[in-house]
Structure formats: structure tokens, C-alpha cells
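A single structure is presented below for examination.
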Amino acid sequence: MPFARDQWYVAAYGSEVGRELLARTVLGEPLVLYRTEAGEAVALADRCVHRRYPLSESRLDGDSIVCGYHGFTYDQTGTCVFVPGQQRIPRTARVAAYPVVEQDSFIWVWIGDRERADPTTIPRAPWLADPAYTVVRGMAPLNARYQLLVDNLMDLSHETYLHGGYIGTPEVANTPITTEVDDEKGIVYVSRHMDDAECPPFYARSTGIQGRITRWQDIEFHPPCLYLLHSRIAPQGVYPPAEGPDSDAFHAEIVYAITPSTENTTYDFWAVARDFAIDDESVSEYLYQSNHTVVMQDVTALNLLEQVIASEPDKYQELSINIDTGGLAARRLLARMIGSGTVGAPQ
Amino acid sequence: MPFARDQWYVAAYGSEVGRELLARTVLGEPLVLYRTEAGEAVALADRCVHRRYPLSESRLDGDSIVCGYHGFTYDQTGTCVFVPGQQRIPRTARVAAYPVVEQDSFIWVWIGDRERADPTTIPRAPWLADPAYTVVRGMAPLNARYQLLVDNLMDLSHETYLHGGYIGTPEVANTPITTEVDDEKGIVYVSRHMDDAECPPFYARSTGIQGRITRWQDIEFHPPCLYLLHSRIAPQGVYPPAEGPDSDAFHAEIVYAITPSTENTTYDFWAVARDFAIDDESVSEYLYQSNHTVVMQDVTALNLLEQVIASEPDKYQELSINIDTGGLAARRLLARMIGSGTVGAPQ
Amino acid sequence: MPFARDQWYVAAYGSEVGRELLARTVLGEPLVLYRTEAGEAVALADRCVHRRYPLSESRLDGDSIVCGYHGFTYDQTGTCVFVPGQQRIPRTARVAAYPVVEQDSFIWVWIGDRERADPTTIPRAPWLADPAYTVVRGMAPLNARYQLLVDNLMDLSHETYLHGGYIGTPEVANTPITTEVDDEKGIVYVSRHMDDAECPPFYARSTGIQGRITRWQDIEFHPPCLYLLHSRIAPQGVYPPAEGPDSDAFHAEIVYAITPSTENTTYDFWAVARDFAIDDESVSEYLYQSNHTVVMQDVTALNLLEQVIASEPDKYQELSINIDTGGLAARRLLARMIGSGTVGAPQ
């Protein structure tokens, strides 16, 4: 299964990367992540050039990694600066260093031809590092191909069935969606505006709204990795004013980063940023627990689906309907990216 | 490895199928089994047409299954009667419904071309639902190909070595067998009549016989699935009368249904029906525990043998002797069935 | 991955082989080992000719093995002497018997063409059965290909990084080695002589030396299986006398037998024989625990490396430097052996 190379992917939260070595595999490439003494995040290929030992099983000496098997030592550019038993260091002794950008609380890495890496093309999720918002978040390793998570998130009608009692109500599955694709920018938009809906516990308990609501779900998917769900919750019939801030509504910015690890495993980074009750830790705790439960419901379902699909390579058939329009558009943009990327190992 | 399609197989005991969804895989085909409110057993393909989610992970709404992922709903014929977000149901939205017959306490399903399904061809095991008999039974999942269980059951000389202390005595391995094959009806008969044999604990404790016995084992194998062992136990020298009932002997009807699940896994359904001590629950308990132990001795041995055979595809060699005549005949009938079945997915 | 056939391999310690059946797989060939009533070690192919059941799951009757499934019985030459249900024993009913030599506490078996088996070519490790030495030893199953263990042992500079605090000090990695290859006899010699080195705990606690040492490591590898490390430890500046015994030094004879089990698993037999403190059980206990810890550090690292290498068949690249000279020579001799061996199953 091909991946979309020459793209930025979230490898970790910034808070995960420090002076302990962190191993992550992105698009099948093993990385070791750490932070220099000056605080800069570094991503190197996680294999010693000598005998392929994982550098993540090693230790830091200042800003350099000392391989735990025979002591080959690499600086933060991946250049080998020490080998045992001799003075001369072979000219080819270096490991790949990956372009890294720390932004919006994420560590983004570029997988592909590093000459093509342009940090200005990284899509934004500013709420995650904005003091006007309070954020809960986590990361769930998924034993399923990333496409299943893309399908899952692009079609929220599953909330009604898989996440009933948390975020799903009958109106989600029953309300038609509108889908738009910006082919030039490579973004898929899916909107579902429910004018008169039941308020699910996730929002009832966190906002304090009693009674029915007007609930908007506006998705932006920036393939291959960043998924944004702008969630607007208001008492039934309350719409944004013609001018000025939408202060009678509650806003949650739900962010997912979908990072393929291997063909059949994925990192599922998730965050919920809110502009209400921002100092209320009980709301944070409630939203964390609820969204964690919802994510794990997805993880259980998608891990099962991966087993199903992996077991029936020849018979794998689908039937798509209107709710799948966004997911199919996402597949199309991903296929285009896969077709236009570089091929082979990083330089 | 091919299976014999266009055949009836036992998918479950009738008592296992109710208002909870039951997943079983037969000949590699995933099934979901349940019973309608009117009590009829139903077997549908266990994959939603939308995104392949297992319907067995879903719930019943009346006689219909509501998919747990996006709510696609199927009635007992497999026809889709609801999809989310739209009124129109695609014409091709249906899952396969398998012919089902409930008989002799078993749920039989037809795997193959449903036009060829004829319930009158299902072989019988009437003792399992006859009040004149008391039955103990169980089902053991086997991590081995079904052929190994066929081999095992067709050659009971292994009782002496693998089941000593339960059902094996020296006379089983030492007494020659007679084998007959009815090619037209597709049945293999193997008989071993021991005139003067030690009585194994299985029969000594359940019948109360003291001293040596005359022990007859008469096997009928109806490939691919149903195996019957007519076991006659009597005090040494007591034979059936020329006329009238054989009332001085004890009869146990040992029934196995051998259902291939995948290439390397099998459902081993087993039952012991007896015409003696039919109201004695301590005898039932003893025979249940003993036969369960015997079945698990077979399961342990066959699971090990599966690992051996799977590890040596090139070197796999056998040497057959007289005791294998019945097993070789069974293989021949199975090979004939495999050759004449339909190929491909069910309609 | 090919193995070097027509060679002697250590299948077990003599102390492991007795009247209980022992299963070992060597070069992918399953063996069952036992000792006759007269005390002779026997190695037979661990598969019944009838239906491939492992004979190691069976029982001994005198010097014969009775298969646990149907009772086929083999004497110590592998000849079948009983089959159930008939008098005639098929002429081809025999399992392979492997040439066995018990020497230096090891059970050596010949894998290959038995006509080529010559016991005089088995390399020696006489300290393991010499009363002038005290021995601690063990066997660790390795989930890694044997070549990784050969690499590991031929380049001891890894002691500094992987075994620091036990046997590694900075001088090991920093002192150059000398390597010699005897192509005719098929032996690789690697020597590292440290004139002025820190004394690692392994030797400080066992010899009682305080202060710095002169430490010699002289390796002899007799491919494919036997690895000897002659370790000489003396107070710094103490060298062997021109004549007479080297009685001011401490000698440890470290022996490994590297036996490929399957492509990706290996038996790692290890022993430490010493000529000092030979009656001090606390030294034995300390050296056993320390060397066991060191072996398990290698096992952990090599099991990890096996996973790395198995996951990247296409990208597997190495970079070799001076310390690898011995390992590369060992690979060359092994490749030569693999090229000249017989092909196929044993007779």
C-alpha cells in the first residue's frame, strides 16, 4: 500500500519530545525524536549505520546520540562523530535527519525529498496553542490502516450508532450533508447543520444547555494528515449575528492528526479545544474522559474492521451512498498526492 | 486448500442460537446467526455491504439487524430496509441469506449454490432429539484443519495411546477393522468388534458392568460433516438376540459434526447419547466430563499436529497401514465432493 | 536462508539428556533426544512416519519410543519395531537416527550426510570437563538468526556499551584488535590485548584484584558452532613468564556454542570455566549470575535486531569498520561451508 510522501505529518505532541529518546514510525520509516539542550526538536532515522541497531534504544550525550550497541555517535544533523576502535570516521557514516517544525503544539516532520519541504504549507490548528481556548487531548495507536480513520471521521453519521450516549443523536444520521472540494488547495469541506436537535451528553454537561439545540458540524480535511471539526452548539434557534462575535454559542474545535505508521497501523492524535468554561477543570476532565471513550470506541471498531479487510483481499467490496461523499473526495485527493510524491527512501 | 462446497454443515447447536447475535465462520464464510421473534433460525452473511463492518457486532431490532457502525438495517432475508441520511435504498444493498435447517438439535446451513440446497439430503442423528436417550454434548474450537479430525475419528486405534484411562484399552489397537464404502450414498463404514475386551472406565462407571466385555464400534461417516459411532457394550459373550430388542446390551450413540471454519480451524461438535441410566444425572455428569477430557486430548494433539504440518509443507510425508483404510476412504469421498462443488461466493 | 550442513552442532548439554524425551530443532530439523538404559545418548528425527506426530510427545519403553498417537514404536536406531493392528511392519517404517558424540559436556549431533560424519573433526573445549576448572553454564533460546550472535561475539567492543557495569570498560572499545584467519583449518582468531585497563566488576569480584589490570582477550571461532574466548586477567604489568606456568594470572575460558535452530531462532549455549577460586561457591554463583545477565543483555538486543532486520528486507544496509574484521571473516568461512555442504534431508 503506497503512502503520500513529500508531505508533513504529525509525529508527536511537542510535550512528548524531550531529553528521553522517543521512537515513532511514520510512513514505515523509523524515527528517533529528542530535544537538544537548547530546546530544539530533532528527528533522526532510528537505525545505526553500522549494524541497524535502533538508536532509540541508546542514550543522549549532550545533543548527540550514542548507539547502545557499539557506541557509534551521531550529532543532531545525523552526522557520525565517533566510532569505536579507530580515529577515522567513514565518510558515509550518517543517518537521515528529517525536517522538523514545531507548531500548534504538534511536532511536524517531513517525509520525503527534503528539498521539497516547505514549512509554510503546514496546515494550521491555532486553537491548540491559543490561551483563549482550553484543550484536552491524547493519542491512540490504531491497529488499522489510516484510510479507515479517514473514512470514519469524514462521515459523522456513525456518531448516532457507534457513539450513542456520548456525542451521537438521531439527528446526526438523519440530517443530509453538503460537501465541497477545493481541488487547488487540496481541502475537503463537509457540513451538517442541524437546526433542531437533541443535545448529546458531551455538550449538555459541558455547556450547561438544557433542552434542544442548534448544532453545526463543519469539517475541513487537509489531506493527508490534519482534520478539523468546527463544532458550534447553541440553544435551539440561536444563530450567529450578522456582525460581531458569535458570543451566544459555544464553540469546540475538534482536531485530529491522522499519521500512518505502517501499512496497518496509525497514530490517532486527537484534541478538543473549547472557548467556554475554560477555567473549569471539571469540564476539562469530563471532556477528556468522554472524548477518550469515543476515540476508543472508534479504535475498537476500526481495529476489527482492519482484521476483516485484511482477511478478505479478494472479496473486499463496498457500497457507497450520499453520506460517503466526503470520504470519497478525501480518497481522491489522497490518491492524487500518492501519485505525485517522490518514491524511495529519504536522502 | 479447497473445501467441499454445496453441502450442509452444522453451524451451531439450536440452543446456541437465540436473540443474541452469534458469529460463526463456516468454510471461510463469516455468518451471523439469530432467531426471529417467531423462533426461526436465520443465517446471514456477517458483513455490512457499506463498509464491511461485522453485523454480529450489531443489534437486533425486531427481526432485523441494525449495523453498529452506520445503521444499515437488514431484514431476515438479507434485504437492506434502511440506510442513513437518505430515503432511497440502493437496489444492490443486500447480504446473502443462507438456507438453514434445524434438525436433530443442530442448526444446519448450506454453503454453496442455494439452488442446489435439498434439506432431504441432510444426514440424521435422531438420538440427539429422542426422549428415549439422554445426551451430553459440547463444541470445541480446533486450531487445526478439519482433515486431521477426520483422520482422528476414522481410526480409533489411537484410543489405546491417546485416551488410555478413559476409553482406550489394548484391545482397540490390536483388533483388526473391517471397512466398507458405499460410493453411491457417499458413506464410509468402519467396524471393530472386540469379543473379549477390558472395559474402560468410561463404560465401567457408566454402565456398572464388572469384568470383561464384548465391545462393538460401528462407525458411519457421512462426509463432509456428520460422523456417527454406534457403540455397543455388553458383558463378555452377550450378543444381540436373533429377534427383538438388544436389551441386554448398553448402547451409546457418539456423534461428531466436523465443520471446517477456516483452512486451519475447525468446529468440533460432539455428543454422547445413551439408552441406559437415562435419568441418572451423575452418569450424565461423569460422561460429560470424561468425553470432554477425551475431546480435549484430541484437540491438544491435533493442534500440535497442525503446527507440525504447517511448518513442513515440502517434507510432509505419511505412511499408511491397515488401520488407515477408513480414513483414506473418507479422504477419497471428500476429494470427490470438492471436485464436484460450485466455485466462488454464495449468491 | 541456507545453513551449513554436514557439520557437527551442539544440540544439548549431556546433563539435559536422560530418560525424559527432549525436543530440539537443529538447522530446522526436529530431533528427539534421550539416553538408553545403558547410558548412550540417542538423537532421532522427531516425527512419526505414520502421521507426523512428534515422538517427543511420546514415552520410552526400554530403549524404544512408543508414539503417543497410535503406538508406532521405534528402537534407538530409528527402526520401527511395532505398528498397531497388524503383524507386518512396513519396510520403509523408520525414522532418521543422527550421529551423536558426547564430548566436553556437550551432545554433538551431525546434521547432513551421515557418511561424511567424522567425530575427530569436532572442535574441543576441554576445560568444560576438566577437574582443574570450575564451570558455570546455561543455555538461552534466542529469537534471532544465528549470524547476529556470531557478529556479536566476534566483536567484543560492544562490551563497553551493552555490558557496562559487568564486563565492559572503555578500554575494550578503544583498543585495536588483531585478526588472523586459518583458511585451511577454518578458524578465525581475534585478539585484543589491553596492557593497562580498568578491571570490570566481573573480574574484580571474582579474582579479588584491586586496581588496574592487564587484560587479554583471545578469541578462536571454529565455525559453524564453537566459539572460545581465552580470557587472561592479571595485575597491571604482569605478563606470562618466558617458561613455566602462567601462575600469577587468572584464566577464564569462555565457551559459546552457537546452534541454529530455525531461520530466525538460535540456541545460545554459554559456559565460563575458571582456574581460580575453583572451590569457592560464592564465586561460582556470582559468575553465573553475572554471565547470565550479560547473555540476557545480548538476547534482548539481538531479538530486537532480528525484528528490525526482518522488517526491512529491501533496505538492509550495513557499514563495517576495523572492529568488524573478525565478524566478516567468520561470515566468509560460514558462506564457504554453506556452499560445500550436502543439500536436502538427512538419510
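Note on naming: letters A, B, ... go to the chains in the order of the sequence lines (proteins, then strands), and numbering restarts at 1 for each one.
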Chain C contact via A:Cys48 - side chain, backbone, both or neither, heavy atoms under 4.5 Å: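 Neither part.
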
Hey, are A:Arg51 and C:Asp324 close enough for a salt bridge, meaning a charged N less than 4.0 Å from a carboxylate O?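 So A:Arg51 pairs with C:Asp324 through a salt bridge.
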
Part of A:Ser58 within contact of chain C (heavy atom distance under 4.5 Å):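 For A:Ser58, neither part sits under 4.5 Å from chain C.
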
Counting heavy atoms not belonging to A:Arg91, are there more than 12 under 6.0 Å from its CZ?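 Count not over threshold, so no.
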
Rounded at 0.5 Å granularity, tell me how far CD in A:Glu29 sits from CD in C:Glu312.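 Result: 11.0 Å between the selected atoms.
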
So does C:Arg137 have more than 12 non-hydrogen atoms from other groups sitting under 6.0 Å from CZ?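 Correct, the count exceeds 12.
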
Counting only N and O atoms by type, is there a donor-acceptor contact under 3.5 Å from the side chain of A:Gln86 to the main-chain atoms of C:Asn322?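 Side chain of A:Gln86 to backbone of C:Asn322, a donor-acceptor pair under 3.5 Å: yes, one is there.
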
Is the OH atom of C:Tyr189 crowded by more than 12 outside heavy atoms at less than 6.0 Å?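 Buried by this count: over 12 neighbours within 6.0 Å.
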
Work out which heavy atom in C:Ile323 is nearest to a heavy atom in A:Gly85; give both atom names and the distance.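 Nearest pair, atom of C:Ile323 first, then A:Gly85: CG2-CA, 4.5 Å.
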
To the nearest 0.5 Å, what is the distance between CG on C:Asp155 and NE2 on A:His50?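 So the gap between those two atoms works out to 6.0 Å.
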
Part of C:Ser320 lying under 4.5 Å from any heavy atom of chain A: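 It is both, since atoms from each part get that close.
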
What part of C:Leu302 gets within 4.5 angstrom of chain A, counting heavy atoms only: side chain, backbone, both, or neither?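 Only the side chain of C:Leu302 comes within 4.5 Å of chain A.
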
Flag if over 12 foreign heavy atoms under 6.0 Å of CD, A:Glu20: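 Open: at most 12 neighbouring heavy atoms sit under 6.0 Å from CD of A:Glu20.
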
Does C:Glu180 CD have over 12 foreign heavy atoms under 6.0 Å away?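 Not buried by this count: 12 neighbours or fewer within 6.0 Å.
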
Considering all heavy atoms of both residues, which atom of A:Glu57 and which atom of C:Leu304 are nearest to each other, and what is their separation?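 In terms of heavy atoms, the two residues are closest at CG-CD2, 3.3 Å.
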
Heavy-atom distance under 4.5 Å to chain C: side chain of A:Arg47, backbone, both or neither?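 For A:Arg47, the contact with chain C is made by the side chain alone.
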
Supply the atom-to-atom distance A:Tyr53 OH to C:His158 NE2, rounded to the nearest 0.5 angstrom.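 Separation between the atoms: 10.0 Å.
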
Tell me, out of C:Ile321, C:Asn152, C:Leu305, C:Asp298, who's got the most heavy-atom pairs with chain A below 4.5 Å.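 Heavy-atom pair counts peak at C:Ile321.
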
How close do A:Phe82 and C:Tyr161 get, counting heavy atoms only, and between which atoms?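 Heavy-atom minimum between the residues: CE2-OH, 3.4 Å.
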
Looking only at heavy atoms, what is the nearest atom pair of C:Leu319 and A:Pro90, with distance?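 That would be CD2-CG, 3.7 Å.
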
